[in-house]
Amino acid sequence: MSTQHGVFGTGAVDSSKSERNTREPKRGWSLSLDSWAVLLAVGLAILVRLGVFKHIPW
Amino acid sequence: MADAVTHPQARTGAQPSFQFARLLPGIALLAVIGYAGKVLEQNINRYARTHHYTIPNIEYVLWAILLGLLLSNTIGVPQIFRAGVATYEFWLKVGIVLLGSRFLLGDIAKLGGVSLALVAIEITGAIAFMTFLGRAFKLKPKLTSLLAVGSAVCGVSAIIAAKGAIEADDEDSSFSIAAILALGALALFTFPLIGHALHLSDRAYGLWAGLAVDNTAEATAAGALYSEAAAKLAVLVKSTRNATIGFVVLAYAIYWASQGQAKAVGNKAAFLWQKFPKFVLGFLFISLVATYGVFDKEQITSLANLSRWAFLLTFAGVGLRTNFREMRKQGLRPFVVGAIGEIVIAAFTLALVVGASKYFGW
């Protein structure tokens, strides 16, 4: 029995489960959710500073 | 996020896709529910003033959450809206970064010393107590680790980060997330009541909410339900807790690797950077820029209002993603452990904050 550890598994797991769990989707270069949030917020702050948005009401 | 409760396995994807068209219906739903909350608050207040009634002011925050809860727990959130509703954490982070314009770095530094000490005490105490409780209730060790990380640091985000690092089961993380979310929902309604009953100042209450409420969205909402000043402080303290996420998860990853039950951590600096919540840096950056007078008064008001619009979407999402039926399905034992732990941590942090407020004369 294989004793590989899956990404989501603990202890000894069978090989099919291990294969399923250790396979991670290939991603290209991408920003995290946090980074996108920071970029959007900083972009909005720049637009406010430049006077594109003169007054944001509430 | 919504899917965390209705489809726990979907959490493993961690980030909502940025296929914008797919997100639009859900974002529109967040906006409609959030705005409905704002309109309800305004109209009820206007009606009370016109008819000379004295009624407690129920903030848009609570209306937005209640409307979301009502929809989620009656007809449910249709599939077409779910991806967009799951962006509520994104709007939370946008709102927090923009909120940085209301903080001068000096204020953060002044408050930082006290809040940092309280955060360190809270994290150490919460991890120790949750570990003890997990062992006493004979929970699986990794489930105990997830609950400890979730209650000590940062709710759902910390659980997701720790899950990958310590190679915990999907089931364990679903249990932990459900427990933390259910208890966060309870905190929304109980914390303001306790705060008012004890006549806590905005500062003391904000500190307490930031220390004791685990998920950032709920901590922000619990603060906003008390006052705007309390919300600002709750966000600051909660962000301080968030900033420690990498260190705590790294410690757990090293522990479980030493037990032969997780992969060893290679580059520790890269690990810390990967886990570090970048929105905390964004918050500090905007705060730095505001401190140096880059924005005038009108612009700071505009940025604060933008932050409130972003939070409006977040609060609607908090209600929409909370489905009590799905939470019940996750089982009772982790919830009981989480509940006991959270009550003790809330009492412990309340004692800390009351002690600090007496000592510092807040």
Please test B:Lys93 against A:Val38 for side chain to side chain contact (heavy atoms under 4.5 Å, CB included), starting from the C-alpha separation and ending with a verdict.
CA-CA 7 Å; B:Lys93 286 161 185 178; A:Val38 172; over 6 Å; no

In short, A:Lys54 meets B:Ser302 closest at the heavy-atom pair O-OG, 3.8 Å

Proximity breakdown for B:Glu298 and chain A, heavy-atom pairs closer than 4.5 Å:
side chain

Where on B:Trp256 is there a heavy atom nearer than 4.5 Å to chain A: the side chain, the backbone, both, or neither?
neither

Determine, for A:Trp58 and B:Lys38, whether the Lys NZ or Arg CZ falls below 6.0 Å from the six-membered ring centre while staying within 45 degrees of the axis.
yes

Does CZ in B:Phe271 sit with more than 12 non-hydrogen atoms of other residues, nucleotides or ligands closer than 6.0 Å?
yes

In this structure, CD of B:Gln299 is separated from NE2 of A:His55 (nearest 0.5 Å) by 12.5 Å

Please step through side chain to side chain contact (heavy atoms under 4.5 Å, CB included) for the pair A:Phe53 and B:Asn305, ending with a clear verdict.
CA-CA 12 Å; A:Phe53 300 137; B:Asn305 286 343; over 6 Å; no

Measuring from A:Leu44:CG to B:Ser307:OG, what's the distance to the nearest 0.5 Å?
11.0 Å

Any side-chain heavy atom of A:Ile56 within less than 4.5 Å of one from B:Trp309?
yes

Quick one: what part of B:Leu312 sits under 4.5 Å from any heavy atom of chain A, side chain, backbone, both or neither?
side chain

Rounded to the nearest 0.5 angstrom, the CG-CG distance for A:Leu33 and B:Leu92 is 10.0 Å

Between B:Ile286, B:Leu303, B:Asp296, which residue shows the highest count of heavy-atom pairs closer than 4.5 Å to chain A?
B:Leu303

Can you tell me which portion of B:Leu306 sits under 4.5 Å from chain A's heavy atoms? Options are side chain, backbone, both or neither.
both

Contact winner vs chain A - B:Val94, B:Val97, B:Val280, heavy-atom pairs under 4.5 Å
B:Val94

State whether the side chain of A:Arg49 and the backbone N or O of B:Val294 hold a donor-acceptor pair below 3.5 Å, judged by distance alone.
yes

Could you go through B:Phe276 and A:Asp34, starting from their C-alpha distance and side-chain angles, then the distance that decides it, and tell me whether this counts as side chain to side chain contact (heavy atoms under 4.5 Å, CB included)?
CA-CA 10 Å; B:Phe276 191 85; A:Asp34 271 24; over 6 Å; no

Go through the atoms of B:Phe285 and report whether side chain, backbone, both or neither lie under 4.5 Å from a heavy atom of chain A.
side chain

